[in-house]
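These notes are about the structure you will find just below.
The chains referred to below are lettered A, B, ... by the order of the sequence lines, with proteins before strands, and numbering in each begins at 1. Below, each value reflects all heavy atoms present in this structure, side chains not excepted, and no hydrogens, waters or symmetry copies.
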Amino acid sequence: MVQGTIVSRRAIVQHDAGRSPPLPEKVAHMPELPEVETVRRGLEPAMVGRTFVRVEQRRADLRFPFPQHFSDRLTGTTVTDISRRGKLMMAGLDSGEVLLMHLGMSGGFAILDNAPETPGRFYHRRDNQPDQAGRHDHVVFEMSGGATVIYNDPRRFGFMGLERSDELTASRHLRNLGPEPLGAEFTGQYLATALAGRQTSLKAALLDQRLVAGLGNIYVSEALHHARLSPRRLAASASARNGRSIRAERLVVAVREVLAAAIEAGGSSLKDFAHTDGGLGLFQHRFAVYDRAGTQCPRTRCGGTIKKIVQNGRSTFYCPACQR
DNA sequence: AGTCGAGCCTGCTGGC
DNA sequence: TGCCAGCAGGCTCGAC
């Protein structure tokens, strides 16, 4: 299932328990960059090159109000491509507009595909069945080619927008986004410069989408552990000294590796979906520190114990022994 | 300008 | 057993 909900992923893990041992570790449960990328890839076959035959908008707003005449502006247009910036998905339309889709923290898509070659059917309910009341199914796209794409979002922190493609970069949802963490722009030198003078924690700085786009609470904790840097460290202290910052360089590598591994795990779940009765979105990704307070640090020969602290009102997990 | 907290929202969990 | 407070978090806005 293409989404980022806790319930579904756990449910599927349990559902599949007969084939593979149940995972004692936590599975990813909120849409950060890797989850969004997986969703994007899952939407492509159902939407790209397809036309919106019918668009059903079931409520006036999510996190923000829907754009004016939302369904009318989509109906009859064809999707040219689906891309991503940070946690934001963008479907290019042949009308010259771009459909923006953000999953917030509980958003996800279900695809009912009537095409015979892909008899997939997936929902993110505990029982893998459609929400009976359809209570949180807020948008329904009926696409040419037979797929019905349903946006579900219990907490409604997600949103959809429509922008003219030539005004896209000026959109308030895009204009402040920092570089893609997996792109060429995100280098040690960039990060060192961006962190210079910042009097906040490294954790808070990395969560700032203006600094780098796509990291959330989970992957920031993971990346900092990977880089052996304390989330409590002053951001500025990871910036350049004598024109070079070992710490910033280490952090860039860690961010890239952690995200790439998670995308890989998500990609596997997409691939598996084609061969099952509907388990897309299963992230069997394991975390080193996130939500693992009290357990032993997975780093070889570290021997530390993972600790949970609260920074800026959010939980942070790290190993005080190896993260400095 | 940079930093931080409130608030949005619902579902799950843990404590009584 | 049942109830309910507390927690979870991405993003924007407002306060300092």
Side-chain angles (χ1 to χ4, degrees), chain A residues 3-11 13-14 26-37 39 58-66 84-89 100-108 123-127 131-139 151-161 171-178 181 193-222 231-237 239 259 262 283 287 289-294 308-317:
Chain A
Q3 44 72 48
T5 311
I6 310 170
V7 181
S8 59
R9 288 179 180 153
R10 274 214 195 106
V13 168
Q14 287 160 3
K26 290 281 181 175
V27 292
H29 54 51
M30 74 175 183
E32 296 184 28
L33 189 151
E35 291 75 18
V36 175
E37 176 59 24
V39 170
R58 294 185 175 171
R59 52 177 299 125
D61 55 54
L62 293 170
R63 176 74 172 85
F64 305 114
F66 278 90
R84 180 191 57 71
R85 268 291 273 132
K87 302 169 192 169
L88 186 65
M89 284 182 288
L100 305 180
M101 298 173 282
H102 197 295
L103 301 176
M105 70 157 287
S106 63
Y123 264 98
H124 44 84
R125 307 304 302 175
R126 182 177 289 286
D127 54 4
D131 178 348
Q132 281 189 347
R135 202 155 55 99
H136 302 302
D137 290 346
H138 306 306
V139 184
Y151 180 71
N152 180 289
D153 187 355
R155 288 175 224 187
R156 306 206 300 272
F157 277 24
F159 64 85
M160 292 200 186
S171 158
R172 69 165 167 151
H173 301 301
L174 281 152
R175 65 181 178 218
N176 291 324
L177 286 183
T193 304
L195 292 174
R198 290 195 65 152
Q199 299 299 301
T200 189
S201 66
L202 207 41
K203 161 76 185 308
L206 290 173
L207 271 180
D208 187 343
Q209 304 296 296
R210 292 170 299 182
L211 190 99
V212 57
L215 294 180
N217 207 42
I218 294 176
Y219 292 104
V220 166
S221 277
E222 292 299 303
R232 308 173 63 173
R233 172 182 282 280
L234 191 67
S237 75
S239 76
L259 292 181
F283 274 27
F287 299 124
V289 292
Y290 184 79
D291 210 12
R292 294 181 56 81
K308 173 184 175 173
I309 59 173
V310 175
Q311 292 178 290
N312 303 83
R314 321 233 100 114
S315 55
T316 300
F317 298 86

**Message:** Using whole Å, what does the distance between atom P of nucleotide C/dG10 and atom CG of A/Leu215 come to?
**Reply:** 10 Å
**Message:** Need one value for A/Lys203: base, sugar-phosphate or nothing, where a base atom within 4.0 Å counts as base even if backbone is also close, heavy atoms only.
**Reply:** nothing
**Prompt:** Tell me: CG of A/Asn176 to P of B/dG2, nearest whole Å?
**Reply:** 12 Å
**Prompt:** So A/Phe287 and A/Tyr219, would you call those rings parallel, tilted or perpendicular, with 30° and 60° as cut-offs?
**Reply:** perpendicular
**Prompt:** A/Thr200 has a side chain; which of C/dC11, B/dT3, C/dA8 sits nearest to it?
**Reply:** B/dT3
**Prompt:** Is there a side-chain contact between A/Val39 and A/Met101, using heavy atoms and a 4.5 Å cut-off?
**Reply:** no
**Request:** Scan A/Thr316, A/Leu215, A/Leu202 and name whichever one has a side-chain contact (heavy atoms from CB on, under 4.5 Å) with A/Val220.
**Result:** A/Leu215
**Prompt:** Among A/Val36, A/Leu88, A/Leu62, whose side-chain contact (heavy atoms from CB on, under 4.5 Å) with A/His102 holds?
**Reply:** A/Leu88
**Message:** How about CZ on A/Arg233, more than 12 heavy atoms from neighbouring residues, nucleotides or ligands closer than 6.0 Å, or not?
**Reply:** yes
**Request:** Return no unless some side-chain N or O of A/Gln209 is found under 4.0 Å from OP1 or OP2 of C/dC11.
**Result:** yes
**Message:** Without decimals, in angstroms, what is the distance between A/Leu174 CG and C/dG10 C1'?
**Reply:** 15 Å
Got a list of protein N/O to nucleotides 8-10 of chain B N/O distances below 3.5 Å?
| from | atom 1 | to | atom 2 | distance (Å) |
| --- | --- | --- | --- | --- |
| B/dT10 | OP1 | A/Arg156 | NH1 | 3.0 |
| B/dT10 | O2 | A/Arg155 | NE | 3.4 |

**Request:** Hey, can you tell me if A/His173 and A/Phe64 have their rings parallel, tilted or perpendicular (30° and 60° cut-offs)?
**Result:** tilted
**Rounded interatomic separation in angstrom, taking CG from A/Leu234 and C1' from B/dC4** = 15 Å
**Request:** Ignoring the backbone of A/Phe64, work out which of C/dT12, B/dC4, C/dG10 is nearest its side chain.
**Result:** C/dT12
**Prompt:** For the residue pair A/Arg198 and A/Asp208, what are the closest heavy atoms and their distance?
**Reply:** NH2-OD2, 3.2 Å
**Asked** CG of A/Leu211 versus P of C/dC11: gap in Å, rounded?
**Response** 14 Å
**Prompt:** Quick one: A/Arg210 CZ to B/dG2 C1', roughly how many Å, whole number?
**Reply:** 8 Å
**Asked** Closer than 4.0 Å, any side-chain N/O of A/Tyr219 to the OP1 or OP2 of C/dG9?
**Response** no
**Message:** Tell me whether the side-chain N/O atoms of A/Ser106 come closer than 4.0 Å to OP1 or OP2 in C/dA8.
**Reply:** no
**Asked** Any salt bridge between A/Asp61 and A/Arg59, counting N to O under 4.0 Å?
**Response** yes
**Prompt:** Can you tell me how far P of B/dG5 sits from CD of A/Gln311, to the nearest Å?
**Reply:** 11 Å
**Prompt:** Can you name the nearest heavy-atom pair linking A/Gly197 to A/Ala236, along with the distance?
**Reply:** N-CB, 3.7 Å
**Complete:** Here the distance between atom P of C/dC11 and atom CG of A/Leu33, to the nearest Å, is 11 Å
**Request:** Locate the shortest heavy-atom distance separating A/Ala213 from A/Leu33; write the atom from each residue and the value.
**Result:** O-CD1, 3.6 Å
**Request:** Enter the inter-axis angle for the ends of the helix from B/dG2-C/dC16 to B/dC16-C/dG2 (five pairs per end, rounded to 10°).
**Result:** 60°
**Message:** With a 4.0 Å limit, can you tell me whether A/His173 has a side-chain N or O closer than that to the phosphate oxygens OP1/OP2 of C/dC11?
**Reply:** no
